[in-house]
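The structure appears right after this line, and notes come after that.
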Protein chains: 4
Amino acid sequence: MTTASAAPPPTRQRLLDAALELFADRGFADTTVGDLEAEAGLSPRAGGLYKHFASKEAVLREALERFVSGAERVTGTAFELMPLGDIRAELTLIARAGVAYFSANGKFIRIMQQERARFPDLVKEMYERAVAPAYALGAAWLQRQMESGFFPRADAQALAIVVMSPFVTYQIDQETFGRPTADVGPERFIAAWVDAMVACARGAVQGDS
Amino acid sequence: MTTASAAPPPTRQRLLDAALELFADRGFADTTVGDLEAEAGLSPRAGGLYKHFASKEAVLREALERFVSGAERVTGTAFELMPLGDIRAELTLIARAGVAYFSANGKFIRIMQQERARFPDLVKEMYERAVAPAYALGAAWLQRQMESGFFPRADAQALAIVVMSPFVTYQIDQETFGRPTADVGPERFIAAWVDAMVACARGAVQGDS
Amino acid sequence: MTTASAAPPPTRQRLLDAALELFADRGFADTTVGDLEAEAGLSPRAGGLYKHFASKEAVLREALERFVSGAERVTGTAFELMPLGDIRAELTLIARAGVAYFSANGKFIRIMQQERARFPDLVKEMYERAVAPAYALGAAWLQRQMESGFFPRADAQALAIVVMSPFVTYQIDQETFGRPTADVGPERFIAAWVDAMVACARGAVQGDS
Amino acid sequence: MTTASAAPPPTRQRLLDAALELFADRGFADTTVGDLEAEAGLSPRAGGLYKHFASKEAVLREALERFVSGAERVTGTAFELMPLGDIRAELTLIARAGVAYFSANGKFIRIMQQERARFPDLVKEMYERAVAPAYALGAAWLQRQMESGFFPRADAQALAIVVMSPFVTYQIDQETFGRPTADVGPERFIAAWVDAMVACARGAVQGDS
DNA sequence: AATGAATGAGCTTTCATTCAT
DNA sequence: GATGAATGAAAGCTCATTCAT
């Protein structure tokens, strides 16, 4: 067991963290290499970043790459705890996981949305490796519910979008405007989503009869 | 002597249009004054923009101001056509209006999301004059439905977020990734949203009994 | 008669002149864009050069291009005044022309010698369009002399190098060391070259007999 | 206990060799310390050079110093083998020595020519210790030939320039353009030079009569 | 002796903005 | 009103050099 297991030099990691933070906050163009260096504890505008990365762009690419790698592993966790037997309990668990997930990964979503024009290839890759799989996961879960009779048999993919979107918007709006949308805190948001889902499921069952 | 309401010189308007287009597409920092001039048919990098606006920032501010002024007038249109008597018809109408609304105004949303750090005051103003009122309108409509017994009596404001979010995410995702989310076209999306709302309403009625 | 015959904007020309001067003196790498701007009367380090040229390299390329275009036209002038009937008079004329030619174009030779590694394509082009033709011209003149019996019949091309080289070295050495080589002024140099050529010619005539 | 004259650490020598090679090829400004380290087998951009030299400039100075020291010893070798009795044999020997000498030392000449503006003191020193003595040596040899009646009594110093220049230009041109000038190989060049010298000498003898 | 990391200085280039025409 | 030129202020990146290991 040699250097292989040694912690990566903290500077490199600090630069990646700074990049994620600042690129999401101000955008790629508005974040200078000096900003990144300063945020990572290096002397600003001295070019120290270039000991660790080939360019400013390379920092972005590696930061996003790390996210996607992580995302591929983590995405499904919440769904794997199912079923719990009680639909309301399940939905609450899912909602909590959804809020937590986007709260943790809002930065990546912002970056994608902001840098789409400059790095189309990156955004495309993120879509294929992170966004599409997430919606597919949600659609699969809905499909199962439909087959169990909890939800109306319908277009599971389209419904996944309808049902999952609020988590995205809720997080992004909060970051954009600096406060919960319409000042509705997370608990109220989660409760409303769960209520709606439960009503939807119940209506489906009734409607089928 | 011409009238005060004479059409503004087309160049000015073309610059505003260009600004909206390019700021939304590439962001404020990545759009140069030369880009704006070229897009507006002026000679690029010649400074012609400064005959019409004091600065690049002034163009952004005026473009957004025009949007908000317009938004204040238009927002409620769809809701004012209600009620139609048939809930499914009403919801379809609302969904169509929602898709059209965000399709038309996605640029403004993008700009707000992207320039929040640079122009916090602008974003705050947009929130108060355009975003909050839109959610309030939705909440008010839901409140009325609840009072009519079509929906479960619940937190109308929180539900408004849950119910309106999909339109935002659907549009932004489409712009970000260059195609409809999960390749679900607008008709499928609208149908799914309406179905969910109907099931939700039906479930509410049943659940109340 | 419109703008076509208008003098080219002086700034552009002044930048080209500055480039030739400074690139020859300090080399391309050691000459900053700010140096060029300052030498051309622009505000240094303000980027004014970029209104006229795409890059520092483009300035070099255009400056050399202008030289070669000019060289192609001028090279042969002195030889075209021949014959004068008197070999010593002819040789003196040629020597004077040679000294003047390299004195005027030493800068280009220096630049080629110095930037060969960085701009191999440029140097190659200069060789083909300016250097090779110059030697060919000398060789042709020698060939004619040989055919007239003034010089020994021999390898005219190789002899051209032997005979023309001194002008190059004399000029370059002077620029390099800041004074005439071995403190031999141009008149002594020219006289020595003519004497040697005359002796050579005479020896040839005798030798042939 | 090792002797004072122990071989210097090879790294130091390798750095000096690399410096000569790269400075001559790309120039001082275009050669980075990292290039030197890499060429000398050190880890590039790690600053290893500074264990052996105080600065990049110090490497240049020492490399040139070594050359001049060597030159002072070697310059005269060929001339010391004279006389051989046969003028053509002598001249051929001299020409061969000349070609070999400049072929070996072209790098130093290039460096002087290129770095004259940046290191005027260095160039001045080289001139005094290497260039002027070389021309003086040639002039002295010519003087002796004149006194022996082989050459016309004339300005030996000026003639030395005329007669020695071709070796310089031939070598430098070859390095600059990557091939023998006018594609005249060394044998043809040497033969032409010897022929010209012989004709010159013969013409002188005849002319004197 | 050698190396990885860090830093101050400087370079090429871009850009928002101004001004004379 | 529009344009070409000019300029101050960065910004990305390179590099000579230093330092701790």
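Just so you know, these numbers use all the heavy atoms, side chains as well, and skip hydrogens, waters and symmetry mates.
Within residues 23-35 of chain C, the residues approaching DNA chain E are C/Thr31, C/Thr32, C/Val33, by heavy-atom distance under 4.0 Å. For the segment residues 112-120 of chain C, the set of residues with a heavy atom within less than 4.0 Å of an atom of DNA chain F is empty.
Taking the ring-ring contact (aromatic ring centres under 6.0 Å, His included) definition, one finds that C/Phe119 meets it with C/Phe28, sequence neighbours left out.
Side-chain nitrogen and oxygen atoms of D/Thr11 include none within less than 4.0 Å of the OP1 or OP2 phosphate oxygen of E/dA1.
Atom CD of C/Gln113 and atom CZ of D/Arg110 lie 6.0 Å apart (nearest 0.5 Å).
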Scan nucleotides 18-20 of chain E against the protein and return all N/O pairs shorter than 3.5 Å with their distances rounded to 0.1 Å.
none

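In this structure, NZ of B/Lys56 is placed 14 Å from C1' of F/dA9, rounded to the nearest angstrom. The nearest whole Å value for the distance from the CG atom in B/Leu36 to the C1' atom in F/dT3 is 17 Å. For C/Glu57 and E/dT12, the CD to C1' distance is 12 Å, given to the nearest whole Å.
The shortest distance between side-chain heavy atoms of C/Ile111 and C/Leu122 does not fall below 4.5 Å. Considering only heavy atoms from C-beta on, D/Lys124 stays 4.5 Å or farther from C/Phe177 through its side chain. Counting heavy atoms from C-beta outward, C/Tyr127 and D/Thr176 have side chains that stay 4.5 Å or more apart. Counting only heavy atoms from C-beta outward, the side chains of A/Glu37 and A/Thr32 never approach each other to under 4.5 Å.
For A/Ser43, taking side-chain heavy atoms from C-beta onward, the closest of the listed nucleotides F/dG8, E/dA16, E/dT7 is E/dT7.
Between D/His52 and A/Leu42, the one whose closest nucleotide on DNA chain E sits nearer the 5' end is D/His52.
The list of side-chain hydrogen bond (donor to acceptor under 3.5 Å, both in side chains) pairs with a residue in residues 49-60 of chain B, not counting sequence neighbours, reads B/Glu57-B/Arg61.
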Next on the checklist: Dot-bracket for DNA chain F, please. Rules: Watson-Crick or G-U, both distances under 3.5 Å, ( ) within the strand, [ ] when a pair crosses earlier ones, | for another strand, . otherwise.
Outcome noted: .||||||||||||||||||||
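Salt-bridge formation is not detected for the pair B/Arg26/A/Glu115: no Lys NZ or Arg NE/NH1/NH2 atom is positioned less than 4.0 Å from an Asp or Glu carboxylate oxygen.
Contacts of A/Leu49 with the nucleic acid, taken as non-hydrogen atoms under 4.0 Å apart, are absent.
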